[in-house]
Undergrad: 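Take a look at this one; I'll ask things after.
Being a predicted model, the structure only gives us computed values, none of them experimental. In what follows, every chain begins at residue 1, and chains take the letters A, B, ... in the order their sequences are listed.
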Amino acid sequence: MKFSAFASRNTKEILRDPLTLFFGIGFPLVLLFLLSAIQANIPVDLFEISNLVPGIAVFGLSFISLFSGTLIAKDRTTSFLMRLFASPHTASDFILGYALPLLPMAVAQSAICFTVSFFLGLPVNLNVLLALVVLIPAAVLFIGLGLLAGSIFNDKQVGGICGALLTNLSAWLSGTWFDLNLIGGAFKTIAYLLPFVHAVESTRAALNGNYSDIFPHLIWVIAYAAAILAIAVIVFGQKMKNQKA
Amino acid sequence: MIAIQTTELTKKYGTKTAVNSLNLSINEGELFALLGVNGAGKTTTIKMLSCLAAPTGGDAVLLGNSIISNPLAVKETINVSPQETAVAPNLTVKENIELIAKMYGSTKSTAQTKSAEMITAFSLTEVAKAKSKTLSGGMQRRLSIAMALISNPKILFLDEPTLGLDVLARRELWAEIKKLKGKITIILTTHYMEEAEALSDRIGIMSNGELKAVGTAAELIERTGAKIFEDAFVALATESEVEI
């Protein structure tokens, strides 16, 4: 496989950055502990562990966009990508090289999140494995968003867009921090037109054994993931074809 | 034998013409310098020849392969050391070189062997296990050229290889480039007069996207009646196209 050497490099670049560990694993876990502590003192349905952990897992995945976007943007701004583009590889080789290492990282990140949740009261059963599978389209969505942002913006802009804007927007619009019904109106309508709340709802459905509720939400995530990934591939391919002087 | 032949090679960005109808012939084993001020069209020329930017007109044939109809075959025979630092920052020197070797088809063991040879040849042994982001600018440029050579290219593009380096680092890099002369075809872009004069077999002077003159440094000096090469460059950069 022509992209495997490049994929291996991308894995090393991401895992050797200490910020990856902090934002990718540490920060979501801190939130998980914090919100569980709130739940212990002031019980709220939303923060019950089986409702909370899907939201935290999706929130954690939003950092995957930051990792992939920053890596691509840095490669572009340092001309490393120019060197790679001069090699006999196609656009799909590069896209696979960037995207594939991130998928196992995303699954591992979610798995850590669920494992820690076992200690906070999440029942250990096969539904957790199903929830991990249901999260894969969301992981692809966030990888695609990172690819797209990294292909368009520089690393500082990616930091702002993916690190601040996307993580916050995806959290607010996912129904993790607050019940969207409390706000209702246009906010709720917009939230349900976007994929983030559907990613959380489908994972909640899987985790709670409500299997018939999974697919109506998951189809939104799959559609968005396919569309975003397709756009990212087109934009990346265009950038590869025409490196401006 | 001709390594590179361009025919009316042109690149436009909107209304701006970055390279205009470039006709150029470079022989195998030649070190050819493209000399010009910033914005002259040197880097755009390199990007077109290395299939990184599609021409808007004309064509170029590298070792028998067209950059338009057969870019993947062209890419098999070339490599590029870009203008800016182009190394993977969190990978070691050794890992950077091996990465490029593997991307050009080397097996793991071959990549390791070739990388060890390249590390010795470019005096990078002491920093072989250091992350490339910790290297000095001069060392990073040396690594960048080693990465470009690991694929055994027949044509090597060096885009402003000594830009921003101090005098000592520049001279060290010149020595490395001189060792390659005659072994592979090298196209070097620079806006340092002395660099073009010291390293190249022939020099092409570009200005406003056009090739103004081609010849050896001595020929270009003689052509203009100048005393030094810098004066010859200034005179030729403002003249219409001349083949010496």
Side-chain angles (χ1 to χ4, degrees), chain A residues 1-21 24 67-68 70-98 100-101 105 150-151 154-155 236-245, chain B residues 11 13 16 18-19 39-54 56 71-92 95-96 98-108 111 131-133 140 144 147-148 151 153 157 159 209:
Chain A
M1 286 183 288
K2 286 179 82 176
F3 61 84
S4 58
F6 181 55
S8 164
R9 171 264 171 177
N10 293 332
T11 305
K12 287 176 187 166
E13 282 284 351
I14 292 171
L15 292 180
R16 287 178 187 178
D17 187 344
L19 284 178
T20 303
L21 289 176
F67 305 151
S68 62
T70 305
L71 181 62
I72 297 166
K74 274 186 181 169
D75 284 352
R76 278 179 47 237
T77 50
T78 60
S79 288
F80 188 71
L81 212 50
M82 177 182 167
R83 177 193 289 287
L84 300 180
F85 282 173
S87 68
H89 288 69
T90 61
S92 54
D93 289 330
F94 288 113
I95 286 159
L96 285 172
Y98 277 121
L100 286 188
M105 281 186 215
S151 300
N154 65 35
D155 55 325
F236 188 87
Q238 286 299 319
K239 291 278 177 184
M240 188 176 172
K241 269 187 195 165
N242 248 330
Q243 290 272 296
K244 281 198 173 180
Chain B
K11 180 69 183 178
Y13 293 108
K16 186 180 181 292
V19 175
K42 309 182 299 290
T43 297
T44 304
T45 301
I46 291 243
K47 285 185 174 178
M48 283 192 286
L49 293 177
S50 51
C51 308
L52 292 167
T56 41
L72 276 181
V74 171
K75 287 179 173 186
E76 295 279 0
T77 62
I78 66 165
N79 212 324
V80 180
S81 179
Q83 192 176 110
E84 299 89 4
T85 307
V87 297
N90 283 318
L91 262 57
T92 66
E95 286 171 339
N96 262 292
E98 284 178 5
L99 164 69
I100 303 298
K102 287 176 193 166
M103 287 190 72
Y104 280 81
S106 290
T107 61
K108 189 178 176 183
K131 284 185 182 172
S132 65
K133 67 181 177 186
Q140 286 193 355
S144 186
M147 289 164 75
S151 63
F157 295 98
D159 193 9

Undergrad: Are any of the side-chain heavy atoms of A:L15 and B:N90 separated by less than 4.5 Å?
TA: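 No, side chains not in contact.
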Undergrad: Using non-hydrogen atoms only, which part of B:E95 is less than 4.5 Å away from chain A: side chain, backbone, both, or neither?
TA: side chain
Undergrad: Could you tell me which portion of B:K131 (side chain, backbone, both or neither) has an atom closer than 4.5 angstrom to a non-hydrogen atom of chain A?
TA: side chain
Undergrad: Please state whether the side chain, the backbone, both or neither of B:P71 comes within less than 4.5 Å of a heavy atom of chain A.
TA: neither
Undergrad: Check the pair A:H89, B:Y104 against side chain to side chain contact (heavy atoms under 4.5 Å, CB included), reporting the backbone distance first and the verdict last.
TA: CA-CA 9 Å; A:H89 288 69; B:Y104 280 81; 6.0 Å; no
Undergrad: Any idea which of B:A88, B:S50, B:G41, B:C51 has the most non-hydrogen atom pairs under 4.5 angstrom with chain A?
TA: B:A88
Undergrad: Who in residues 7-14 of chain A is close to chain B, using a strict under-4.5 Å heavy-atom cut-off?
TA: A:R9, A:K12, A:E13
Undergrad: Once rounded to the nearest 0.5 Å, what's the spacing between atom CE of B:M147 and atom CZ of A:F80?
TA: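 It comes to 5.0 Å.
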Undergrad: With a 4.5 angstrom heavy-atom cut-off, which part of B:M48 approaches chain A: side chain, backbone, both or neither?
TA: neither
Undergrad: First locate atom CG of B:D159, then atom CE of A:M82, and finally report the distance between them rounded to the nearest 0.5 Å.
TA: 5.5 Å
Undergrad: Chain A heavy atoms under 4.5 Å from B:S151: which part of the residue, side chain, backbone, both or neither?
TA: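 No part of B:S151 comes within 4.5 Å of chain A.
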Undergrad: Could you state the interatomic distance from CE (B:M103) to CZ (A:F3), rounded to the nearest 0.5 Å?
TA: 11.5 Å
Undergrad: Of all the heavy-atom pairs spanning A:S79 and B:A86, show the shortest one and how long it is.
TA: O-CB, 3.5 Å
Undergrad: When rounded to the nearest 0.5 angstrom, what is the spacing between CZ in A:R83 and CZ in B:F157?
TA: 14.0 Å
Undergrad: Need one label for B:A101: side chain, backbone, both or neither, based on atoms under 4.5 Å from any heavy atom in chain A.
TA: neither
